[in-house]
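Structure record follows, encoded as structure tokens.
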Amino acid sequence: MNRRAMLRNLALLPGAMVFYRSQHAHATVFASPLDVNRVRPPGAAAEDQFAGRCIRCGRCVESCSYRCIHLLDIRYGLHAGTPVIAVDKLPCLLCMDCVTVCPTGALTPVSQSEVRMGTAIIDHFACAAWTELALCRTCYDVCPFKGKAIVLAELKPAVVADACTGCGLCTHACPVSREQGEKAVNISPR
Amino acid sequence: MQVLLPGRLSGYGFTFWRRLLLSISFVLLICIPLTHRIFGITVVQGWYQSLGIGKLRIVSPLEGLQSILTTHHVHVPALIGMLIPVLVAFFLGRVFCSWVCPISFLAEGRSFFSRHPPGRKQDRIVLPRQMLWYTLIADMLFALVLGAPVFVFLSPPGLVGRELMLAILFQTLTLEGLVVVLVMALELLSRRFYCRSLCPLGALLALLGSRRRLRMVWHVDSCVACGRCDAICPLGLAPSKAEADSPYCWNCGLCSDHCPHDALRFSWRSPS
């Protein structure tokens with residue numbers, strides 16, 4: 001191979017890295033890893049700043065009493081080593097241990113009610129209460145801000161987006177499953 | 001003005017105390033998550049990337065600096081936390097590398113069980129010393145271009161602590177733990193191959209410690225040029241040619257311990 005061909009191939013390499021997509025549905029090298037039911041821990045800085053502020057020290061993971069924070073693996077490229085909560089598997093119980101230990105301000109102290117990890121969104125076509133399959137109010141019952149973040153409107157749950165912390169307790173408890181591991185109520189990240 | 005420091009501490013050479021501190025530092029990395037898991041004690045948390053003692057967070061200067069430079073945001077507790085390792089490096093040099101770093105512990109452990117006595121024969125492939133600075137420059141550029149302190153995820157000193165924490169608290173190990181195995185495998189090329197040439201954290205600490213007060217001083221009058229110090233130096237420096245004065249020296253004290261003529265002694269250089 002001559003020099004010109006080699007240089008051309010080398011120039012393609014960074015381009016290839018940018019467009020790399022791994023087999024895992026959500027792993028991308030540069031884009032934010034946040035997705036449905038995948039949120040940053042409480043008190044997180046804005047997502048465009050998060051990867052820069054986080055020094056991948058793992059203190060939040062260590063301090064989480066419920067072991068719901070986990071570090072992203074190497075497939076997440078720029079975001080490898082940064083913390084994420086999979087709320088459908090283990091929701092955040094808002095113990096607020098993690099916000100006080102972050103050394104670089106990727107997570108800053110907030111109060112429980114001020115947490116905004118995401119917003120719960122109820123799928124009216126899947127929800128047992130909304131499709132009138134049953135008088136289900138599981139999400140309303142488990143919500144730590146019952147009556148403020150989730151209210152019952154004519155026995156059907158409705159999310160008050162301004163007050164929802166995105167903790168995912170509703171998602172975790174919801175008995176109705178949808179495709180791709182989702183539930184009838186899911187957390188949409190901030 | 002130079003104050004000559006004693007050649008031994010309480011009758012033991014520096015190597016004894018250094019290995020003791022390395023062992024304590026490593027055991028600490030196991031005890032911290034273990035006491036957290038068994039007793040729920042969280043007063044001390046983390047590992048050497050970000051060690052939390054009560055409300056004090058000691059932050060590794062490389063990652064802290066990259067975080068500030070990429071986000072243009074200074075979190076004051078991080079700044080305070082970085083101050084401690086920076087001051088230690090500024091006055092004492094890169095002693096973290098030789099006295100605390102878990103990679104050093106593993107490397108010392110490996111040479112402890114090695115049949116061959118340590119010496120230049122084990123340095124089969126040696127990169128030029130300046131490689132250390134190129135590594136630091138490359139790492140900083142990489143972080144600035146990508147906009148995040150990316151290398152820290154694979155940084156071997158931090159990896160040892162992280163893998164231990166994950167193993168104890170989550171009963172899992174991760175793929176990048178193999179980087180530590182790779183670093184140990186590099187020891188086959190030459191002693192402390194990673195530390196000499198490829199560690200950006202070590203490079204930053206060496207840079208900070210260029211004008212350190214604690215130095216290994218070579219006394220030419222006592223030296224008989226036996227070459228024992230040159231052979232024992234794990235970084236491949238030549239203390240018998242005053243190379244312990246260079247920024248690369250990490251004040252491990254091995255040359256001093258092995259000098260039979262007392263020609264190498266630590267001294268504290270205070271400004272006059």
Side-chain angles (χ1 to χ4, degrees), chain A residues 14 17-18 22 24 27 29-33 43-83 86 89-90 95-109, chain B residues 32-33 36-37 40 42 45-52 55-60 62-82 143-155 158-159 161-163 165-166 168-170 172 174-176 178-179:
Chain A
M17 275 169 61
V18 170
S22 81
H24 192 272
V29 176
F30 289 110
S32 169
E47 186 58 19
D48 58 347
Q49 284 254 308
F50 195 86
R53 287 203 199 180
C54 176
I55 57 168
R56 290 96 167 127
C57 69
R59 297 280 311 280
C60 52
V61 175
E62 203 181 351
S63 64
C64 177
S65 318
Y66 299 94
R67 304 271 171 267
C68 61
I69 305 180
H70 64 270
L71 294 178
L72 294 171
D73 63 43
I74 199 163
R75 287 171 301 182
Y76 289 86
L78 194 72
H79 299 272
T82 58
K89 297 196 174 66
L90 274 173
C95 71
M96 311 313 282
D97 279 341
C98 56
V99 296
T100 53
V101 297
C102 178
T104 50
L107 306 175
T108 45
Chain B
I32 291 171
H36 182 95
R37 187 190 161 105
T42 54
Q45 271 194 13
W47 53 88
Y48 302 118
Q49 235 157 7
S50 167
L51 190 70
K55 290 257 175 5
L56 174 69
R57 297 86 181 258
I58 301 173
V59 176
S60 169
L62 181 68
E63 289 86 58
L65 180 66
Q66 285 178 347
S67 171
I68 292 173
L69 291 178
T70 54
T71 59
H72 319 137
H73 171 263
V74 177
H75 191 66
V76 178
L79 206 62
I80 296 169
M82 285 198 290
L144 288 168
V145 166
L146 289 176
V150 189
F151 164 78
V152 67
F153 182 64
L154 297 174
S155 167
L159 263 177
R162 187 163 80 230
E163 292 294 306
M165 188 274 286
L166 287 175
I168 290 169
L169 293 182
F170 289 82
T172 182
T174 56
L175 185 68
E176 56 270 8
L178 288 175
V179 171

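Atom set for the values below is all heavy atoms of this structure, side chains included, hydrogens, waters and symmetry mates excluded. The structure displayed is predicted, hence computed values, not measured ones. Per chain, numbering begins at 1; letters A, B, ... match sequence-line order.
Heavy-atom pairs under 4.5 Å with chain A were tallied for B:Gly40, B:Ala78, B:Gly46; the largest tally goes to B:Gly46. The choice from A:Asp48, A:Asp97, A:Thr100, A:Thr108 that makes the most heavy-atom pairs within less than 4.5 Å of chain B is A:Thr100. Chain A forms the most heavy-atom pairs under 4.5 Å with one residue out of B:Ala143, B:Gly81, B:Pro77, B:Pro149, and that residue is B:Pro149.
Using a 4.5 Å heavy-atom threshold, the side chains of B:His73 and A:Gln49 count as touching. Looking at heavy atoms from C-beta onward, A:Thr104 lies out of side-chain contact with B:Glu63 at the 4.5 angstrom threshold. Counting heavy atoms from C-beta outward, B:Phe153 and A:Thr82 have side chains that stay 4.5 Å or more apart.
In this structure, chain A has a heavy atom under 4.5 Å from the side chain of B:Thr70, while its backbone stays farther away. Only the backbone of B:Leu51 comes within less than 4.5 Å of a heavy atom in chain A; its side chain stays farther off. For A:Ser63, the parts sitting under 4.5 Å from any heavy atom of chain B are the backbone and the side chain alike.
For A:Val61, the side chain to side chain contact (heavy atoms under 4.5 Å, CB included) test picks out A:Ile69, A:Leu71, B:Met165, B:Phe170, with sequence neighbours left out. For B:Arg162, the salt bridge (charged side-chain N to carboxylate O under 4.0 Å, His left out) partners two or more places apart in sequence, or in a different chain, are B:Glu176.
Taking both residues in full, the closest heavy atoms of B:Gln45 and A:Val101 are given as OE1-CG1, 3.7 Å, listed atom of the first, atom of the second, then distance. The minimum heavy-atom distance between B:Ala148 and A:Arg56, with the atom names listed, is CB-NH2, 4.0 Å.
Judged by distance alone, the side chain of B:Gln49 and the main-chain N or O of A:Cys57 form no donor-acceptor pair under 3.5 Å.
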